[in-house]
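To keep things clear, I will list the structure first and then write my remarks on it.
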Amino acid sequence: MIKKYSYILILLVLLAIILFAIPINVTTSVTSKGKLLPSKVWIISKGLEGLLYTTLVDNVNGVNEEYSITQFARGDLIKFSLSKNIKPGKNVFINDTIGIVYSSLNEQEIAELKGELEAAKASLQIGISGEKESIIELENRNLAYSKKQVEEQTKFFERQKKLFEKQLITQDEFETEYAKLELYKINISIAEERLRSVLTGTKREEIQLINSQIKSLENQISVLQEKSNNFLLKSPINGIISESYNQDTLLIINSENKFTVLIPIKLNMANSFNIGNEVEIIPRKGNSIVAKIESIDKSVKIYFEEHFIIAKTVFESSSDIFYSNEIVECKIYGSKVSLLDYIIFYLNK
């Protein structure tokens, strides 16, 4: 009996030697659960102190592609309203108007500047025609209004300065408020010159000054109207509107037909997989999707004391087959290895 088992053992050893001697290559593979994400996500959210955020997240490259913050002044009446056809599950396209943000102060500033513009044009007409009709009272009111603007803007600027020093607002926002204050100071000088012109008669230089003021007012109105146009929120991507259950998140749009999958791979098997290897993504229904590894994150993730790296693949498919943020089964095909290496790989699995 012992001799019989010895023969069997010898045969098995010989068989193993023969198998390992023959140049057989076997493809390694591993099955893992991956998290499916839309390739891009556009998010509109609100924050404290009248802040409105828009963020365009690029999940393929793992970056925030675009990020903007709009801050409204304290005391401003802000109203955000979605377009009537914007509902969860609806498709939207690039440059579709998603919603409108209304700012009462912005509209008030435009109205006030238009009033000043009309007054400046009237002063110019009087200066050119040589009429001596008294508008001293009007110009006094304009001067008083300009001084009031400087006074209020100075207070607001001081508050913004403190926020800037605490890094709560951007340098662009701080410089914008500083420029506005300087502009209001210039408006006082212009208003004083206009009043002096009415009192003493209009000279050629004074007419040029009024023309400069008219141009300045028109530029200010143009800037504010451009700002109002920016309050029209337009989609930067083609996608589908997703439901949001967070009161600070106003809207989420997910790209429609392009997805990326984040696939964890155990660190001890990482060397068997490279960029370009095929990945079979198995949906809940329908045929499997075959994609390729686009990138591998070299930073190790630890989960339940296991070490993982994250492989990423990108593919296109109908949104009816896959859902954003779902967990999908993935089979990753690695390199072709010898039979011995494959057995070692299998033991690692």
Side-chain angles (χ1 to χ4, degrees), residues 41-58 62-82 97-116 142-191 216-236 244-253:
V41 181
W42 190 50
I43 304 170
I44 306 173
S45 57
K46 64 178 181 176
L48 300 176
E49 302 295 333
L51 295 176
L52 184 70
Y53 304 90
T54 62
T55 309
L56 180 59
V57 181
D58 182 351
V63 296
N64 286 345
E65 187 174 321
E66 292 180 8
Y67 183 74
S68 68
I69 302 175
T70 304
Q71 183 178 32
F72 300 94
R74 188 182 300 274
D76 194 0
L77 174 62
I78 305 301
K79 181 180 178 182
F80 173 77
S81 58
L82 291 174
T97 298
I98 303 302
I100 300 173
V101 180
Y102 171 83
S103 164
S104 61
L105 287 183
N106 195 66
E107 297 300 320
Q108 180 183 340
E109 283 188 70
I110 292 176
E112 290 172 352
L113 288 172
K114 286 182 176 179
E116 291 182 42
N142 286 338
L143 178 57
Y145 175 74
S146 296
K147 291 180 178 179
K148 184 67 175 176
Q149 274 188 316
V150 170
E151 181 184 345
E152 292 178 353
Q153 181 63 19
T154 299
K155 294 177 182 178
F156 182 70
F157 174 73
E158 290 300 322
R159 292 197 298 270
Q160 294 297 94
K161 184 178 180 181
K162 293 178 181 178
L163 292 176
F164 177 70
E165 290 171 350
K166 295 179 181 179
Q167 297 184 343
L168 295 176
I169 62 173
T170 65
Q171 185 170 350
D172 286 343
E173 291 171 314
F174 174 73
E175 290 177 352
T176 297
E177 297 305 327
Y178 175 75
K180 189 183 293 185
L181 176 60
E182 292 300 308
L183 184 61
Y184 287 163
K185 290 179 180 179
I186 293 172
N187 285 343
I188 290 179
S189 300
I190 295 174
S216 174
L217 289 168
E218 288 174 341
N219 288 337
Q220 291 180 63
I221 291 171
S222 176
V223 169
L224 288 175
Q225 286 178 334
E226 180 66 25
K227 184 178 178 181
S228 291
N229 292 336
N230 289 335
F231 290 165
L232 292 175
L233 298 176
K234 297 185 177 182
S235 175
S244 172
Y245 301 98
N246 188 327
Q247 63 178 358
D248 292 330
T249 302
L250 303 178
L251 187 74
I252 299 174
I253 297 178

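Residues meeting the salt bridge (Lys or Arg N to Asp or Glu O under 4.0 Å) test with Glu182, sequence neighbours left out: Lys185. Applying the side chain to side chain donor-acceptor pair (under 3.5 Å) criterion to Ser146, with sequence neighbours excluded, gives no partner residue.
Rounding to the nearest 0.5 Å places CG of Asn187 at 10.0 Å from CG of Asn142. Distance check, rounded to the nearest 0.5 Å: OG1 of Thr54 to CG of Leu251 gives 11.5 Å. Considering CD of Gln160 and NZ of Lys155, their distance stands at 15.5 Å, rounded to 0.5 Å. One finds the CD atom of Gln149 at 11.0 Å from the OG1 atom of Thr154 (value rounded to the nearest 0.5 Å). In this structure, the separation between CD1 on Ile43 and CG on Leu250 is 11.0 Å, given to the nearest 0.5 Å. One finds the CD1 atom of Ile190 at 7.5 Å from the CG atom of Leu183 (value rounded to the nearest 0.5 Å).
The minimum heavy-atom distance between Val57 and Asn64, with the atom names listed, is CG2-OD1, 3.6 Å. Residue Ile188 comes nearest to Val150 through the heavy atom pair CD1-CG2, 3.3 Å, listed as atom of the first residue, atom of the second, then distance. Of all the heavy atoms in Trp42 and Pro236, the pair that sits closest is CD2-CD, 3.3 Å.
Looking only at side-chain heavy atoms (C-beta outward), Glu177 and Lys161 stay at 4.5 Å or farther from each other. The shortest distance between side-chain heavy atoms of Glu151 and Lys148 falls below 4.5 Å.
For Tyr178, the OH atom counts as loosely surrounded, since its 6.0 Å shell holds 12 or fewer non-hydrogen atoms of other residues, nucleotides or ligands.
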